[in-house]
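See structure below.
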Amino acid sequence: MEQSTEAIAKFQSSAEENQKVLKSTFETAWLVGNELALTTIAALRANTEADFSYLQALAVQSHCPR
C-alpha cells in the first residue's frame, strides 16, 4: 500500500510539472505568434502605402503635359 501511495504521489508531481512546462510553452508560442502577426501587418501596411504612392506618382505623370 505504501508503494502505491508513493507511486501516485510521484505521478501527481510529474503531471503537475508537465502541466507547468506545457503552460509555459503555449504562452511563449502565443506571444511569438502575436509578435509575428503584428510584424506581418506592419509589413503589409508599409507595402500598401508604397504601392499607393507609386500609383499616385504614375497618375500625376500621366496627367502632366510634356
Side-chain angles (χ1 to χ4, degrees):
M1 183 72 172
E2 189 176 321
Q3 288 178 342
S4 297
T5 305
E6 288 176 14
I8 290 172
K10 287 181 182 178
F11 178 78
Q12 183 178 4
S13 176
S14 293
E16 289 171 356
E17 188 63 31
N18 288 340
Q19 185 178 13
K20 289 177 187 177
V21 169
L22 284 174
K23 182 179 178 183
S24 174
T25 301
F26 283 121
E27 287 175 353
T28 301
W30 183 77
L31 290 173
V32 169
N34 282 346
E35 187 176 326
L36 178 62
L38 292 174
T39 302
T40 301
I41 290 169
L44 290 171
R45 180 178 290 152
N47 286 339
T48 302
E49 289 174 1
D51 289 343
F52 280 131
S53 295
Y54 179 72
L55 288 174
Q56 266 185 323
L58 284 178
V60 168
Q61 284 183 349
S62 67
H63 286 95
C64 290
R66 294 181 185 200

[atom1] of [X] to [atom2] of [Y]: how many Å apart, nearest 0.5 Å?
X   : Y   : atom1 : atom2 : answer
S53 : L58 : OG    : CG    : 11.0 Å
T25 : N18 : OG1   : CG    : 10.0 Å
K20 : E16 : NZ    : CD    : 7.0 Å
Q61 : Q56 : CD    : CD    : 12.5 Å
S62 : L55 : OG    : CG    : 10.5 Å

Would you confirm whether S24, through its side chain, and V21, through its main-chain N or O, come within 3.5 Å as a donor-acceptor pair?
-> no
Just jot down the side chain to side chain contact (heavy atoms under 4.5 Å, CB included) partners of T40, sequence neighbours excluded, or say none.
-> L36, L44
Supply the members, apart from L31, of the Ile/Leu/Val/Met/Phe/Trp/Tyr cluster built from side-chain contacts under 4.5 Å; use none for a lone residue.
-> W30
